**Student:** 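The structure that follows is given in the form of structure tokens.
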Amino acid sequence: MEMQEANQRPEVTPNQTIYINNLNEKVKLDELKKSLNAVFSQFGKIVEVQAFKTLKHKGQAWVVFENADSASSAISKMNEFPFYDKPMRIQFAKTKSDVVAKADGTFVPREKRKRHEEKGGKKKKEQHHDATQMGMPSGYPGLYGAAPPLSQVPYPGGAKPMLPEAPAPPNSILFVQNLPHETAPMILQALFSQYPGFKEVRMVEAKPGIAFVEFADEMQSTVAMHALQGFRIQQNPMLITYAKK
DNA sequence: AGCACA
């Protein structure tokens, strides 16, 4: 018979790193990492995002948070969340990330890996990874004091951003404001393309922080607007209105 | 499907 004494769920291991798979493999690595950073930083400070293009590791990523609480809320809030049209599968990572171990003092360099091209004499870069490519300096002393409350769920139905009612009449094109200035179009595409009728994202380089997202019709743009209203990219809740005609 | 640290 089965032993039901022990939990055999893989998610039980607490870890400050989450392992994500079922990611859309067509997305370029750099964009993927940026989008993951943008979407997951609402759960707490991110130390690093890792993803690789090799056969064995494509479609997967590791997001290292500063603490395990952020990781577990990220799992519970974002597991199965459609991202680039595919539901993300998220678990705790099996092993501790190197950045964490280095900070721990428990880091032991791996020597016998399948990489036969190891060069003993060459030193790699230190712990300044590209984790903060979204413009979040990793050394901010006071930043994580403002860890976002976990009350904010991806679909903040009732939570209304502070702004006078949008006066613009319904439009198949949405106007998105309050984006972090580093936001790439593909980040928005990842979020909006899950809604029917999505056509494209347009951003104005001369005006960072805003975007236009076009749907096939007003009904569909309205659904997406309400679903994503207030969704946080990094710390910024998106403000979505109809574009002016 | 696939748990790494290039």
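Model, not experiment: these values are computed from the prediction. Here is the naming used below: chain letters follow the sequence lines, and residue numbers restart at 1 for every chain.
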**Student:** Measure CG/A:D98 against P/B:dC5 and give the value in whole Å, please.
**Tutor:**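 Atom CG in A:D98 sits about 8 Å away from atom P in B:dC5.
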
**Student:** Is it the case that one hydrophobic cluster holds both A:Y195 and A:I187, taking links as side-chain heavy atoms less than 4.5 Å apart, direct or via other members?
**Tutor:**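 Yes, same cluster.
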
**Student:** With sugar-phosphate meaning primed atoms plus P, OP1 and OP2, does A:A51 contact a base, only sugar-phosphate, or nothing at under 4.0 Å between heavy atoms?
**Tutor:**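 The residue A:A51 makes base contact.
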
**Student:** Using heavy-atom distances to pick each residue's nearest nucleotide on DNA chain B, tell me which of A:K96 and A:G59 is more 5'.
**Tutor:**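 Nearer the 5' end of the strand: A:G59.
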
**Student:** Tell me: NZ of A:K86 to C1' of B:dA1, nearest whole Å?
**Tutor:**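 Going from NZ in A:K86 over to C1' in B:dA1 covers 10 Å.
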
**Student:** Does a sphere of radius 6.0 Å around NZ in A:K28 hold more than 12 heavy atoms from other residues, nucleotides or ligands, not counting ones at 6.0 Å or beyond?
**Tutor:**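 At most 12 heavy atoms, drawn from other residues, nucleotides or ligands, come within 6.0 Å of this atom.
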
**Student:** Starting at CG of A:N15 and ending at C1' of B:dA4, how long is that distance when rounded to a whole Å?
**Tutor:**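 Distance check: A:N15 CG to B:dA4 C1' gives 12 Å.
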
**Student:** B:dA4 C1' sits how many Å from A:Y19 OH, rounded?
**Tutor:**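 Value for this atom pair: 10 Å.
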
**Student:** To the nearest angstrom, how far is A:K94 atom NZ from B:dC5 atom P?
**Tutor:**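 Distance, rounded to whole Å: 14 Å.
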
**Student:** Rounded to whole angstrom units, what separation is found between the CD atom of A:Q50 and the P atom of B:dC3?
**Tutor:**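 Roughly 16 Å, once rounded to whole Å.
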
**Student:** Regarding B:dA4, can its base be found pairing with the side chain of A:T54 as donor and acceptor, where the two atoms are less than 3.5 Å apart?
**Tutor:**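 Check fails, no donor-acceptor contact within cut-off.
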
**Student:** Send over the distance from A:W62 CH2 to B:dA4 P, rounded to a whole Å.
**Tutor:**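 The answer, rounded to whole Å, is 6 Å.
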
**Student:** Atom CG of A:N24 and atom C1' of B:dA1: how far apart are they, to the nearest Å?
**Tutor:**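 Whole-Å distance recorded here is 16 Å.
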
**Student:** When the nearest nucleotide of DNA chain B is assigned to A:N21 and to A:K53 on a heavy-atom basis, which residue is associated with the more 5' position?
**Tutor:**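 The residue whose closest nucleotide sits nearer the 5' end is A:N21.
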
**Student:** Below 4.0 angstrom from OP1 or OP2 of B:dA4, is there any side-chain N or O of A:K56?
**Tutor:**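 A:K56 to B:dA4 OP1/OP2: side-chain N or O found under 4.0 Å.
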
**Student:** Test A:M88 against every option in A:N21, A:L23, A:I18 by the side-chain contact (heavy atoms from CB on, under 4.5 Å) rule and name the one that passes.
**Tutor:**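 Answer after filtering A:N21, A:L23, A:I18: A:L23.
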
**Student:** Apply the side-chain contact (heavy atoms from CB on, under 4.5 Å) test between A:R202 and each candidate in A:I173, A:V213, A:I210; give the one that qualifies.
**Tutor:**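 Testing each of A:I173, A:V213, A:I210 against A:R202, the sole residue satisfying side-chain contact (heavy atoms from CB on, under 4.5 Å) is A:I173.
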
